[in-house]
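Okay, so here's the structure we're looking at.
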Amino acid sequence: VYAKNVHTKLFPASTTKILTAYIVLKHGNLEDVVTITSQNVALESDSSNCGLKAGDRISVKNLLYGLMLKSANEAANALADYISGSTEEFAKLMNEEARLLGATNSHFVNAHGLHDEEHYTTVYDLYLIFHHALKNEIFREICGSVSYTASYQNLDGESVSVEWNNTMQYFTHNKIPPEGVTVLAGKTGTTTKALSCLVLLSKNEAEEEFVSIILKSQDRGVLYDEMNDLLEEINK
């Protein structure tokens, strides 16, 4: 329907986690239990997280909800170690899987999307990755969830139950989509260099589904205004 600069190399921020989730769902087992390590939680103080601590034992399924709803970077680290043994090996797998999907103008170096000059993609590549991920019903369910109650065990073997809420403003109702448009799923991303990013799945009144992606928007407010401008077009 509309495209602008779709092959320009840009930083994806946490929209990276779409590919991370896709790979985990392809190669992992939702019921497997992962132990969080001190390296997994060694994040900057303002880094997105879901509150996991070293020694916590949590299922892959719960980690995926933390990854997509809370944009949790420790969840991304733990899932990378679970699948490949290290971030470096997981990044190699990310690049292999991206190429298989036709995303040939991308290069990934981590599972979470925190800034690295060698970690980049394009709007078109991100569309290809998201399009293929959406074929998995579990992926749709996870990134289309407004909230999720996670359960896991802490270091002392005690049960922990916590509610994680999706940070996307269409789901928090801080932003309302145009009339007749239903937002089904999506993933946000923000870093200083990537600026504000959003990958979205929505449908119009005719039940037709649309993927819409904006990277490098000026700020969060502008991002959602620009996205609504795009969404206005799908009901015309």
Side-chain angles (χ1 to χ4, degrees), residues 3-25 47-50 63-77 79-80 87 90-91 93-95 97-98 101-136 139-140 142-145 166-172 175 183-202 210-220 222-224 226-227 230-231:
K4 180 181 178 182
N5 299 331
V6 292
H7 299 296
T8 301
K9 289 182 180 179
L10 297 168
F11 301 123
S14 284
T15 62
T16 297
K17 290 163 180 152
I18 294 168
L19 179 58
T20 299
Y22 169 82
I23 292 171
V24 172
L25 287 167
S47 182
S48 297
N49 67 85
C50 59
L63 280 173
L64 283 169
Y65 274 96
L67 179 81
M68 298 304 286
L69 271 63
K70 296 293 289 181
S71 204
N73 293 326
E74 82 272 37
N77 288 336
L79 288 167
T87 292
F90 187 74
L93 182 58
M94 294 175 79
N95 291 315
E97 292 286 354
L101 299 178
T104 56
N105 291 316
S106 299
H107 185 259
F108 302 96
V109 300
N110 60 57
H112 41 62
L114 290 176
H115 183 72
D116 188 294
E117 290 294 325
E118 295 303 313
H119 187 98
Y120 54 82
T121 189
T122 69
V123 168
Y124 183 69
D125 281 7
L126 202 49
Y127 156 73
L128 292 174
I129 294 165
F130 191 50
H131 173 73
H132 283 281
L134 288 169
K135 295 177 181 179
N136 186 306
F139 177 85
R140 279 179 172 255
I142 292 172
C143 71
S145 295
N166 200 313
T167 60
M168 185 172 64
Q169 290 196 5
Y170 290 119
F171 284 169
T172 62
K175 192 69 179 180
V183 173
L184 302 173
K187 183 71 192 79
T188 58
T190 308
T191 66
T192 303
K193 293 290 183 69
L195 302 181
S196 293
C197 309
L198 180 59
V199 177
L200 203 68
L201 175 69
S202 57
F210 290 82
V211 170
S212 46
I213 299 170
I214 296 176
L215 300 183
K216 203 177 181 181
S217 189
Q218 178 182 336
D219 58 43
R220 195 168 297 169
V222 172
L223 171 68
Y224 284 92
E226 291 175 337
M227 185 61 77
L230 285 179
L231 296 179

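In this text the structure is predicted, and so the values were computed from the model without any measurement.
- Side chains of T121 and S106: a donor-acceptor N/O pair is present below 3.5 angstrom, by distance only.
- K135 NZ: more than 12 foreign heavy atoms inside a 6.0 Å radius.
- With values rounded to the nearest 0.5 angstrom, L10 atom CG is found 5.5 Å from L215 atom CG.
- For the 3.5 Å distance criterion, the side chains of S71 and K187 qualify, holding a donor opposite an acceptor.
- Between the side chain of N5 and the backbone N or O of T8, no donor-acceptor pair lies under 3.5 Å.
- Put simply, the side chain of T20 does not reach to within 4.5 Å of the side chain of H112, judged on heavy atoms.
- No more than 12 heavy atoms of other residues, nucleotides or ligands lie within 6.0 Å of NZ in K216, so this atom counts as exposed by the packing criterion.
- Using a distance-only test at 3.5 Å, with no hydrogens or angles considered, a donor-acceptor pair links the side chain of S196 to the main chain of R220.
- Closest approach of L128 to A103, counting heavy atoms only: CD1-N, 4.0 Å.
- Contact of the V183 side chain with the M168 side chain is registered, since non-hydrogen atoms from C-beta on lie closer than 4.5 Å.
- With contacts defined as side-chain heavy-atom distances shorter than 4.5 Å, the pair F11/E117 qualifies.
- In this structure, D125 CG and K9 NZ are separated by 9.5 Å, a value rounded to the nearest 0.5 Å.
- Atoms CD1 and CD1, from I23 and I18 in turn, are 12.0 Å apart once rounded to the nearest 0.5 Å.
- Across all their heavy atoms, Y22 and A133 have their closest contact at CD1-CA, 3.7 Å.
- N95 is listed as a side-chain neighbour of H107, based on a closest heavy-atom distance under 4.5 Å.
- One distance of note links CG of L200 with CG of L231; it measures 6.0 Å at 0.5 Å rounding.
- Of all non-hydrogen atoms in A21 and M68, the two that sit nearest each other are CB-SD, 4.0 Å.
- Nearest heavy-atom pair across F108 and A98 is CE1-CB, 4.0 Å.
- Dense packing is recorded around CZ of F139, with more than 12 heavy atoms of other residues, nucleotides or ligands lying under 6.0 Å away.
- Smallest separation of non-hydrogen atoms from T191 and A13: CG2-CB, 3.8 Å.
- Side chains of L230 and F210 form no contact here, defined as non-hydrogen atoms less than 4.5 Å apart.
- In this structure, the separation between CG on N77 and CG on L67 is 10.0 Å, given to the nearest 0.5 Å.
- Among all heavy-atom pairs drawn from C197 and T15, the shortest one is CB-CG2, 4.0 Å.
- Counting only N and O atoms by type, the side chains of N73 and S47 include a donor and acceptor under 3.5 Å apart.
- Here the side chains of H131 and V211 are not in contact, with every heavy-atom distance at 4.5 Å or above.
- Atom SG of residue C143 and atom OH of residue Y65 lie 9.5 Å apart, to the nearest 0.5 angstrom.
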Practice item. Please step through side chain to side chain contact (heavy atoms under 4.5 Å, CB included) for the pair R140 and L201, ending with a clear verdict. Key: CA-CA 9 Å; R140 279 179 172 255; L201 175 69; 3.7 Å; yes

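- Under the 6.0 Å cut-off for aromatic ring centres, Y224 and Y170 qualify, their centroids lying closer than that.
- Side-chain atoms of E74 come within 3.5 Å of backbone atoms of C50 as a donor-acceptor pair (strictly under, hydrogens ignored).
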Exercise for review: Apply side chain to side chain contact (heavy atoms under 4.5 Å, CB included) to the pair T192 and H115, showing each step before the final yes or no.
Suggested key: CA-CA 8 Å; T192 303; H115 183 72; over 6 Å; no

